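Notes to accompany the following structure.
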Amino acid sequence: MKIRSLVLLALPTVLLLAGCGGDSKNPTKPAGPTRSYFMGFSSFPPRASIASIVATIDAFAPHADAALIVTEPPWDSLLAGKAPDSLIRNNQVGLTNYFRSKGLTRIVVSVDPTNGLDRSADSAPLVAAGRSLTEPAIQALFRSYVVAMDTLIHPQYLSVASETNLIRAAAPAPLYQAVKQVANDAYTDLRAHDANVKIFTTVQVEVAWGRLGGSGPYVGINADRADFPFAQVIGLSSYPYLAGFTDPDSLPSDYYSRITSGTGLPEMVIEGGWSSDSTTSPNWTVLKQRRFIAREATLLDQASVIGWFQITFTDLDLASLGFPASAAPFASLGLVDVDLNPKPALSAWDAARSRNLKPPGVL
């Protein structure tokens, strides 16, 4: 249930722009209400153009403390023999520099080994090439790409597998086992050269609550903890409007805190939201979206959360991005529309962000 990030997020043009300076974040604020989590977005644009990417970053930077890079490996380029470090220098390095020029120095990277729109399948470029993550050679490419990402980007946090419980439920067993293998091997590779980056995986909250095609009972994430024991953070993916919830206020008070109960690990929301597309459902409205953001802030305050991201700051022009019709439920998750006009949910987000990050500057 995740938005695939296949648009080229950072191109040489962005690298040049990074030298232009930008806003800086002042960590010192007057005493007042606090929050435990940094907040931010990815550069995913409403339309497929460099100008749209830059405009998106410029628009969300005043509303963020951190930035997210979420991507699948460029499998077609890797299969063609292109070096991971060259690919990352040509793309994500420029993006990261631009984030930092805007004062967004907290960088989280999520590299997804499978298909973000179809958790039952390999990434589309692998399928098109007749290849699979189940192959040791493909796993080696993933591991090399992840290590290069860490080496060149220097993120504070790096995820090596996404929505593992949903993959386990939806994908053939060999594919899930490949995810398990490559994520654990990637952790070993990363830790061999970087003692500081915090490495993690993500789970799908609605699946953990037993709402995959039903309404319970609660399942939890014990299997994920056993299969990915290295995780230093539990990443969360949460789209309750797709799992039978019709009102944000109906979410249980322990909706997020229960996920990590007993683990001693912090949580980080990597993706999620509530659609405002009322043409698809009467429960998907701009006002319910705003109430969800406000409700989510309350739920995160009650959990051990250190970060809160939405992948998309903007709504999406699916035709421009080349996305299939099946992506429609994710097209209206933005806090602004495709033309960067604010939606009501942005004020709820800003209300949460107006609180001091406690303790200041801590990741």
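As the structure is a prediction and not an experimental result, all values here were calculated from the model.
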Cation over ring, R258 on Y218, under 6.0 Å and within 45°?
-> yes

Residue set satisfying ring-ring contact (aromatic ring centres under 6.0 Å, His included) with F228, at least two apart, ordered chain then number -> none

So, are D249 and R291 salt-bridged, with charged N and O less than 4.0 Å apart?
-> yes

For S326, which residues count as a side chain to side chain donor-acceptor pair (under 3.5 Å) partner, sequence neighbours excluded?
-> none

Is the W349-F41 ring centre distance short of 6.0 angstrom?
-> yes

Taking the six-membered ring for Trp and the single ring otherwise, decide whether the centroids of Y239 and F330 are under 6.0 Å apart.
-> yes

Set of residues satisfying salt bridge (Lys or Arg N to Asp or Glu O under 4.0 Å) with respect to R168, sequence neighbours excluded = D224

Show every donor-acceptor pair shorter than 3.5 Å between a side-chain atom in residues 50-57 and any protein atom, with sequence neighbours excluded, or say none if there are none.
residue : atom : partner : partner atom : Å
S52     : OG   : R47     : N            : 3.3
S52     : OG   : R47     : O            : 3.3
T56     : OG1  : S52     : O            : 2.7

Of all residues at least two apart in sequence or in a different chain, which pass the side chain to side chain contact (heavy atoms under 4.5 Å, CB included) check with D277?
-> S275, T279, T280, W284, S332

Between I293 and W308, which heavy-atom pair has the shortest distance, and what is it?
-> O-CH2, 3.6 Å

For H193 and D150, test the side chains for any donor-to-acceptor distance below 3.5 angstrom and give the result as yes or no.
-> yes

Please list, chain by chain and in numerical order, all residues satisfying ring-ring contact (aromatic ring centres under 6.0 Å, His included) with Y255, sequence neighbours excluded.
-> W209, F245

